[in-house]
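Values below: every heavy atom of this structure, side chains too, minus hydrogens, waters and symmetry copies.
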Amino acid sequence: MSRITTIGVLGGYGAVGSAVVRRLHQSAAAPLLVAGRDLGRAEKFVRSLDASGTLAEPVAVDLADPAALDRFAARCDLLVNCAGPSYQVLDTVARAALRNGANYVDAAGDDPTFLRLNTGGGAREWLAAGRVALLSAGALPGLSGLLPRHLATTVGRVSRLDAYLGGVAPLSPAAAGDVLLSRGPEHGIPGAGWRDGVVRERSLEPRRGLSLAAFPQPVDAFPFLSTEAVRLARALQVGEVNWYTAFGGGRLPEQLALAWALGDPNTAELVDAAAEDVRRYGTWYGQEFHLWAGSDAEATPHVLSLSCEDSYELSGFMATAAATAVLGDETPAGVHFAADVLRPTEIFQALTVDPVAKVGLDGPDVPAPSH
């Protein structure tokens, strides 16, 4: 696009949306619309922004009101969705963006949204309109699919990838809903690994008490082969992938397992369980990737580790990077997962100088730090 006049952030005063707005407020030359159901919260958040940034306007938008959503989308050249839970939002906001000629970035919007947008020739509609939809532009999925791609460019052909993602963090009700409903083939398979182009169910066991560079305390890692991990395995042509969700506390995984076993959709107990873990262990989040370039299982892997205090801020970093790429005409038209089309090395380099996280590299070709 030649000119961006307005960027709308839906859910703009929430945990992820506020991080996106603060970043765009300082870096983007376009005015912002900070939108959500609660106009009072939007107004309060806008007042808190630094006066030196770009113009920001609070707007009341209810996802349940199609007319209000269309009016909002019609004012946007780029619509960044940070509202949730994503299993309820699905393709609602993306379709409003397309109807009204806006590009679209979703901090969540995983496989169910992608499938809906590509059903019945939907992908052709975005191409015909010359518009972009980037999905899964958060910390996980999103950044978790980009960082291994960057590490792979430094390693060469990858034979094996192990990933550990998680930590201890409070859950918003929207995030709890997404966690609760992330069990199923459209999201991934518990206990599965990737072996030579095939998903191997029940091939991995939990790993307890792991000490990893990305985490300040030992974590318990539970195998969960996500759909993002499968896409990554295919893109990198990796023969073996072991993908784990890491928990730094015990209450959340216990409550999550119980909720899944009982089929309980109530998110309040998940929110409480996460809060209990935070009280006991603090708040921290990490991602760590181990890549092997050869067939020697005893060889030293190449390791990329990321650690931060706030996963929501990390999602804000990623969604802003995706939005910036769209604003700069760096992404092709159509519907894409962000990790498939963004430039992994550029994202990695931006992350290394951003205060949101600490990033480390280790491996056989990394020189030892000087003293």
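- Judged as a side chain to side chain contact (heavy atoms under 4.5 Å, CB included), and not counting sequence neighbours, the contacts of His336 are Leu134, Pro332, Val341.
- Checked against ring-ring contact (aromatic ring centres under 6.0 Å, His included), Phe222 has the following partners two or more places apart in sequence or in another chain: Phe247.
- With respect to His302, the side chain to side chain contact (heavy atoms under 4.5 Å, CB included) criterion is satisfied by exactly one of Val158, Val155, Leu361, Asp362: Val155.
- With sequence neighbours excluded, no residue forms a salt bridge (Lys or Arg N to Asp or Glu O under 4.0 Å) with Glu201.
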Given side-chain hydrogen bond (donor to acceptor under 3.5 Å, both in side chains), test Glu228 with Ser136 step by step and report yes or no. CA-CA 9 Å; Glu228 179 183 51; Ser136 296; over 6 Å; no

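- Residues meeting the side chain to side chain contact (heavy atoms under 4.5 Å, CB included) test with Arg41, sequence neighbours left out: Tyr13, Asp38.
- Listed by chain and number, the residues in a salt bridge (Lys or Arg N to Asp or Glu O under 4.0 Å) with Arg234 amount to none (sequence neighbours excluded).
- Residues forming a ring-ring contact (aromatic ring centres under 6.0 Å, His included) with Phe348 (at least two apart in sequence, or on another chain): His150.
- For Leu90, the side chain to side chain contact (heavy atoms under 4.5 Å, CB included) test picks out Pro112, Thr113, Arg116, with sequence neighbours left out.
- Between the side chains of Asp70 and Asn100, a donor-acceptor pair is found at a separation under 3.5 Å.
- For residues 85-141, the pairs satisfying ring pair (Phe, Tyr, Trp, His ring centres under 6.0 Å) are Phe114-Phe337, with sequence neighbours left out.
- The two residues Leu225 and Ala192 make their nearest non-hydrogen contact at CB-O, 3.5 Å.
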Donor-acceptor contacts, no H, no angles, side chain residues 248-257, under 3.5 Å, sequence neighbours left out:
unit_1	atom_1	unit_2	atom_2	d
Arg251	NE	Glu276	OE1	3.2
Gln255	NE2	Glu269	OE1	3.1

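- Arg208 pairs by the salt bridge (Lys or Arg N to Asp or Glu O under 4.0 Å) definition with Asp220, not counting sequence neighbours.
- The shortest distance between side-chain heavy atoms of Arg160 and Asn242 falls below 4.5 Å.
- Legend: residues meeting side chain to side chain contact (heavy atoms under 4.5 Å, CB included) with Ser315, ordered by chain and number and at least two apart, are Val16, Ala139.
- The ring-ring contact (aromatic ring centres under 6.0 Å, His included) check on Tyr164 picks up Tyr244, His290, with sequence neighbours excluded.
- Looking only at atom types and distance, the side chain of His25 has no donor-acceptor partner in the side chain of Asp50 under 3.5 Å away.
- Salt bridge Glu125/Arg99: absent, no basic N to carboxylate O contact under 4.0 Å.
- With hydrophobic clusters built from ILVMFWY side chains whose heavy atoms lie under 4.5 angstrom apart, Val278 does not share a cluster with Leu165.
- Looking at heavy atoms from C-beta onward, Cys82 lies in side-chain contact with Val9 at the 4.5 angstrom threshold.
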